[in-house]
> 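Quick one: the structure is below, questions incoming.
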Amino acid sequence: MIENTANIPPEFLEPYKPSTYEPEIRSRWIDSDYANPDTCEKAGVVDSSLPAFSMVLPPPNVTGSLHTGHALTCTIEDVMTRHVRMQGRRTLWLPGTDHAAIATQSKVEKIIEKEGLKKSEMGREAFLARVHEFATNSHDTIVSQVRAMGASVDWSREAYTLDDARSLAVRTAFKTMYDDGLIIRGYRVINWDAKGQTTISDDELVYEDRKGMLYTFRYSHEFPIPISTTRPETKIGDCAVAVHPSDERYKQYIGQTFKARFCDTDLEIRVIADIAVDPEFGTGALGVTPAHSIIDWQMSQTHNLPIIPVINEYAKICDDERYPEYLRGKKVLDAREMVVEWIREQGLMIEEKEVDQSVATAERTGAIIEPLPKLQWFIDVNKPFSMRHSNITGISTGDTVTLKDLMLAVVTTNQINFLPERFAESYTKWIENLRPWCISRQIWFGHRIPVWTRDGEEFCGVDAPTGDGWEQDPDSLDTWFSSGLWTFSTLGWPNTDAIDFKTFHPTSIIETGYDILPFWVARMILMSTYLLGEIPFKTVYLHGMVLTADGKKMSKSLGNAAKDPVELIETYGADALRMALIVANGPGQSIKLGEEKIKAYSKFSNKLWNITRFVLEQTSGEPLYSVDQISGSDIATWSEFKEIQNQINTEMNKYQYHLASEKLYHYIWHTYADTVIEDVKKRIQSNDTTAGSGKALLQNILITNIKLLHPFMPHITEYTWGLLPAEWKIDENKLLMVCKWPT
RNA sequence: GGACGGUUAGCUCAGUUGGUAGAGCAUCCCCUUGACGUGGGGAGGGUCAGAGGUUCGAAUCCUCUAUCGUCCACCA
């Protein structure tokens, strides 16, 4: 065996070192600015006859640092991006961050709490300054993490859901909806978080299974119908008893009104019939408390019942003189005890039974939710309006539609496709059950509602009204309002003449975790179809969750979040982490990420490194042998490789990266290295006449493999590419990330 | 209560138009001054959750059951 190390780059004499080479490669990419499609166009690496490709990075919340779930997002999206960029398409992958209103504010509240500070004492300005400082730090961490993954996003277009451009988009969107009558202010029973002192949406609720007591009793000895409840303390606000219309036991009382003195409070109870009542549950009769139950509130609307508040924003009994003094100001649980005691004393209690119940709690603060009637801003998804402009198939400009119609139409007509397809069904169901979307939040951090009032006058505008005495609504917007605009607020909207907007909208694909399908994906569809009359993206690719090694969902509250991706990158390399995340992990599938798998792919990096070294040793100083020089039995080997390459291309085009990456890995290691190289090695050593053909085979398969592997393992392939002799690269003596994709 | 997903080798999982069961890790054996010990070669290990059906043929399609999980709804 001839040792031919003199002519090969010295790096190859040692094992591949990701921690040394990866940062170097990343700075080469940044210097090149090839992630910016404008730069690619100037450099002439774009084929302008091909359609542009665009995608937004789901903006991570500025609530801290990224976890392995984000690493998965970065990996899949970077694979997509690098693949299409190498195909010569104008390619934009646009990064940014999300201010995440409630999540960020409550995080900072917890931090200042530890310092013995309170936001009410700090005041709005000082507190917000503190939140911005925190958000900025988080942002910087996130940016460095996204970079460390090797993500080829275009930083020159970076956006933030709360920056000036996005704020303008938010105010414009709000005003448009307001003018169309789709944003309305209403007194509704909403989910009130007494701890966070804010409204929260249905999506921010977490249900906890608990044991609770179900009490069955009568309001008074004279009252004919016994009722059951788990919340006796709210019963002092009852105004009706609802029964099923066909319930024989109570039919005779329907329509009658009874007076009762319940817990030293005067009640006037009407018996109403409503099909929402389950005759099998409890006594089959439901005490209606419109102010503190969403269902009851809905009944109060149909039956025109009074709304009597019992509980205030601090989860205490209202200080109202209709209630006895001993209850006023008492906490809910204390009041419950007292009311239960009163019922028992009066001999009105019929049964006390332990039941399973799931209690709604606030995702961020953990507080038990109090349904409360409050004045809030809503987007009415069921209200018909006239479509200003439409590029949506099946919906014409001027058509009368609802937001719900729009959200359903684009999916049922396949203008937007889901991957995996099954999610289209869950999307449709979710939309069909959609209620008015409560968009106001009683928090300081976020987009303030662009509505001003003065002496009963109301003004909604993109800018504040002129003149004195106007006061802006103190509430801010649900964070999903601004993220719903993300696919076009990042491209220059509301300026519809912006070049980016014209070039890159609708975006090609949205790629995100399936857990935010209803919150984010649905709202982007809402905003885009309504405001632009366009779909926001053609395909929705949903990946699964990255679970801990024991199969649990990672959560900060459980403290079981896996290692920081950056730590894994330092140990094994970003390329190894990317492969571990993408191989055999199909769309919609959750994966348990074990460190063993990452380690295995770091070995693969070294294998590829040594394969390259070997090929260089065998052919260094020699030119690139042409494919035409492959002859004899090597032709079959080359065909076999081309077949694998075709399969990989097919899978890549169908977003089946989990299959393509594994196929490539397997081919490189177990066919190319184990069989092809071993075979050619023997022929070279024995100076066989077919050695030249063998060398052509080795070189050409290597070069193509490096390209095919680039989207998955961009660092090592780029670095290796840089070390290959210039004469091997023909017309492509440039960065691999803009070389031509092999077909 | 509703919907969806999983159940394949000890572990983690591939297996997309139905055609003789695959990978990584782990285990065991052998090799190795060789491009690579972050290596190479090999072996053991599965009635593809269970039952039934369609088919010449089913891990794959259909029905049911079990079991684990996720989401949604309800919870007076």
Side-chain angles (χ1 to χ4, degrees), chain A residues 1 3-5 8 12-17 202-203 205 207 209-210 212 214-216 227-232 234-235 238 241-243 274 276-278 281-289 292-296 299 355-360 420-423 425-426 428-430 433 514-515 517-518 544-545 547 549-553 572 576 579-580 583-586 588-618 650-651 654 656 658-659 661-663 665-666 669-670 673-674 677-678 681-682 685 698:
Chain A
M1 183 62 210
E3 279 287 348
N4 183 6
T5 55
I8 68 162
F12 284 114
L13 302 179
E14 285 183 36
Y16 180 69
K17 287 181 291 199
D202 294 346
D203 315 317
L205 299 181
Y207 287 92
D209 289 325
R210 293 189 188 173
L214 182 69
Y215 302 95
T216 302
I227 58 161
S228 297
T229 184
T230 53
R231 300 207 55 190
T234 64
K235 298 289 106 181
D238 281 13
V241 163
V243 297
D274 198 298
V277 180
D278 175 7
F281 190 94
T283 63
L286 156 68
V288 182
T289 322
H292 301 290
S293 151
I294 289 171
I295 289 277
D296 295 10
M299 287 188 192
V355 289
D356 293 317
Q357 57 178 168
S358 63
V359 179
E421 286 174 15
R422 61 186 153 89
F423 285 108
E425 203 183 327
S426 33
T428 309
K429 278 193 178 141
W430 192 82
N433 294 323
Y514 65 67
D515 54 334
L517 167 66
M545 302 293 104
L547 306 173
D550 57 349
K552 296 270 162 52
K553 193 170 172 174
Y572 304 105
M579 283 295 275
V583 174
N585 179 24
Q589 209 55 46
S590 292
I591 63 159
K592 289 174 212 169
L593 181 67
E595 227 168 296
E596 284 304 316
K597 192 173 176 188
I598 308 171
K599 199 175 167 186
Y601 289 105
S602 71
K603 286 191 192 177
F604 178 59
S605 300
N606 198 56
K607 186 71 182 178
L608 182 70
W609 190 245
N610 279 295
I611 286 169
T612 311
R613 171 187 170 170
F614 178 77
V615 175
L616 281 173
E617 279 178 11
Q618 297 309 312
T650 305
E651 286 162 353
K654 292 199 285 187
Q656 294 173 327
H658 63 300
L659 300 180
S661 54
E662 188 171 32
K663 190 159 282 164
Y665 165 85
H666 202 252
W669 200 318
H670 298 295
D674 289 358
I677 289 184
E678 288 301 321
K681 182 160 66 177
K682 284 189 200 113
Q685 282 167 12
L698 291 192

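Within every chain, numbering begins at 1; the chains are lettered A, B, ... in the order of the sequence lines, protein sequences first and strands thereafter.
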> Identify the heavy atoms of A:D296 and A:G287 that sit nearest to each other, and give their distance.
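Heavy atoms of A:D296 and A:G287 come nearest at OD2-O, 3.5 Å.
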> With distance as the sole criterion, do the side chain of A:Q656 and the base of B:U16 form a donor-acceptor contact below 3.5 Å?
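Pair found.
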> Counting any heavy atom closer than 4.0 Å, what does A:H670 reach on the DNA or RNA strands: base, sugar-phosphate only, or nothing?
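Sugar-phosphate: the residue A:H670, judged by heavy atoms under 4.0 Å, touches backbone atoms but no base.
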> Taking any heavy-atom pair under 4.0 Å as a contact, classify A:K599: base, sugar-phosphate, or nothing.
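The answer is nothing, as A:K599 stays clear of every strand by at least 4.0 Å.
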> Distance check, P atoms only: B:C68 and B:G39, in whole angstrom units.
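The answer is 40 Å between these two P atoms.
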> So that I can tick it off, tell me whether A:K681 and A:E678 are bridged by a salt bridge, with the cut-off set at under 4.0 angstrom between side-chain N and carboxylate O.
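Looking at A:K681 together with A:E678, the answer is yes, because their closest N to O distance falls below 4.0 Å.
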> Can you measure A:R613 atom CZ to B:C36 atom P for me and round it to whole angstrom units?
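Nearest whole value for this atom pair: 5 Å.
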> For B:U63, which nucleotide is its Watson-Crick or G-U wobble mate, given both distances must be under 3.5 Å?
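Checking every strand shown, B:U63 finds its partner in B:A51, with both distances under 3.5 Å.
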> Within the 4.0 Å heavy-atom criterion, would you say A:A673 contacts the bases, only the backbone, or no part of the nucleic acid?
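Result for A:A673 = base.
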> Looking across every strand, which nucleic acid part, if any, lies under 4.0 Å from A:D296 by heavy atom: base, sugar-phosphate, or nothing?
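Nothing, no nucleic acid heavy atom in range.
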> Rounding to an integer number of Å, can you tell me how far A:W669 CH2 sits from B:U38 C1'?
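Result: 8 Å.
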> Which whole number of Å gives the distance between the C1' atom of B:C13 and that of B:G5?
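Taking atom C1' in both B:C13 and B:G5, they lie 15 Å apart.
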> Using the P atom in both, what is the distance from B:C4 to B:U65, to the nearest Å?
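Between the two P atoms, the distance is 14 Å.
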> Without decimals, in angstroms, what is the distance between A:E425 CD and B:C4 P?
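To the nearest whole Å, that distance equals 6 Å.
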> Please confirm whether the ring centroid of A:Y601 lies under 6.0 Å from the ring centroid of A:Y572.
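They do not qualify: ring centres at least 6.0 Å apart.
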> Roughly how many Å apart are B:C25 and B:A21, using the P atom of each and rounding to a whole number?
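Here B:A21 and B:C25 have their P atoms 24 Å from each other.
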> Taking atom C1' of B:A73 as reference, at what distance in whole Å does atom CG of A:N433 sit?
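Answer to the nearest Å: 8 Å.
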> For A:Y665, report the nucleic acid contact type (base, sugar-phosphate, nothing); a contact means any heavy atom under 4.0 Å.
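The answer is sugar-phosphate, as A:Y665 gets under 4.0 Å only of primed atoms, P, OP1 or OP2.
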> Counting any heavy atom closer than 4.0 Å, what does A:V277 reach on the DNA or RNA strands: base, sugar-phosphate only, or nothing?
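Base: the residue A:V277, judged by heavy atoms under 4.0 Å, touches a nucleobase.
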> Mind checking A:I611 for me? I need base, sugar-phosphate or nothing, with any heavy atom below 4.0 Å counting as a touch.
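The answer is base, as A:I611 lies within the cut-off (heavy atoms under 4.0 Å) of a base atom.
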> Check every strand shown and say whether A:T283 touches a base, only sugar-phosphate, or nothing at a heavy-atom separation below 4.0 Å.
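No contact at all - A:T283 keeps every heavy atom at 4.0 Å or more from the nucleic acid.
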> Mind checking if A:L659 touches a base, just sugar-phosphate, or nothing, with heavy atoms under 4.0 Å?
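The answer is base, as A:L659 lies within the cut-off (heavy atoms under 4.0 Å) of a base atom.
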> In whole Å, measure the gap between the C1' atoms of B:U8 and B:G50 for me.
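Approximately 14 Å lies between the C1' atom of B:U8 and that of B:G50.
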> What is the nucleic acid contact for A:K597, judged by heavy atoms within less than 4.0 Å: base, sugar-phosphate only, or nothing?
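Result for A:K597 = nothing.
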> Have a look at A:Q589 and say if it touches a base, only the backbone sugar-phosphate, or nothing, with a 4.0 Å heavy-atom cut-off.
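Result for A:Q589 = sugar-phosphate.
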> P atom, B:C36 versus B:G41: distance in rounded Å?
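B:C36 and B:G41 have their P atoms separated by 15 Å.
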